[in-house]
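The model shown is predicted, which means the values in this text are computed figures rather than measured ones.
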Amino acid sequence: MSGDPGERRPCAGLWNTPMVYVNGDVTTCCLDQHLLNRIGNLREQSLKRIWQGETVHAWRLAHVEGRYQDSGPYCTACNWRSAGTMPDEKIEAWLVETGEAGALARWRARRGDRDAG
């Protein structure tokens, strides 16, 4: 990635801050007041299961690959600078931990790393 301050990067909130409403609904974003990114409810599943589930995994991967339109519905309308961005080393650690070798190579290629192959 170029480091251009105007270039959108993966949202730190998608990894670090699940938001739980008083009724138990869980969303991925503190700005999601209308629960567009609702991913579950604590009355039905544990927070761990929701936050580490397939939906959030797919949305994180979409962010890593720059496919924000393929992540939660709210992500395309987001003021993405508000939540902060996920540091490169944490993205890479998550990709390794989750076995996403292909996505790791694509991430490194997007960033312009010489060892992207």
Distance, nearest 0.5 Å, that separates CZ of R49 from CD of E44: 12.0 Å

Salt-bridge present (D88, R9; N to O < 4.0 Å): yes

Separation of W94 CH2 from L61 CG (nearest 0.5 Å): 5.0 Å

Y74 reachable from V20 in the ILVMFWY side-chain graph, under 4.5 Å edges: no

Interatomic spacing from OG1 in T55 to CZ in R38 - rounded to 0.5 Å: 11.0 Å

Any donor-acceptor N/O pair, N37 side chain to T28 backbone, under 3.5 Å: no

From CA spacing to verdict: side-chain contact (heavy atoms from CB on, under 4.5 Å), D32, M19: CA-CA 9 Å; D32 184 15; M19 299 304 296; over 6 Å; no

W51 (side chain) donor-acceptor with W15 (main chain) under 3.5 angstrom: yes

Remaining members of hydrophobic cluster (4.5 Å side-chain criterion), Y21: L35

Sequence neighbours excluded - salt bridge (charged side-chain N to carboxylate O under 4.0 Å, His left out) pairs with any residue from residues 56-66: E65-R67, E65-R106

Same apolar cluster: L31 and L14, side chain cutoff 4.5 Å: no

Point-to-point distance, once rounded to the nearest 0.5 Å, from OG1 of T27 to CD of Q33: 11.0 Å

Non-hydrogen atoms of Y68 and P10 that approach each other most closely: OH-N, 3.4 Å

Straight-line distance of H63 NE2 to D70 CG, nearest 0.5 Å: 10.0 Å

Pairwise side-chain contact, I50 with P18, heavy-atom cut-off 4.5 Å (strictly under): no

Heavy atoms from other residues, nucleotides or ligands near CD of E54 exceed 12 (cutoff 6.0 Å): no

Gap between atom CE of M86 and atom CD1 of I91 - 0.5 Å precision: 6.5 Å

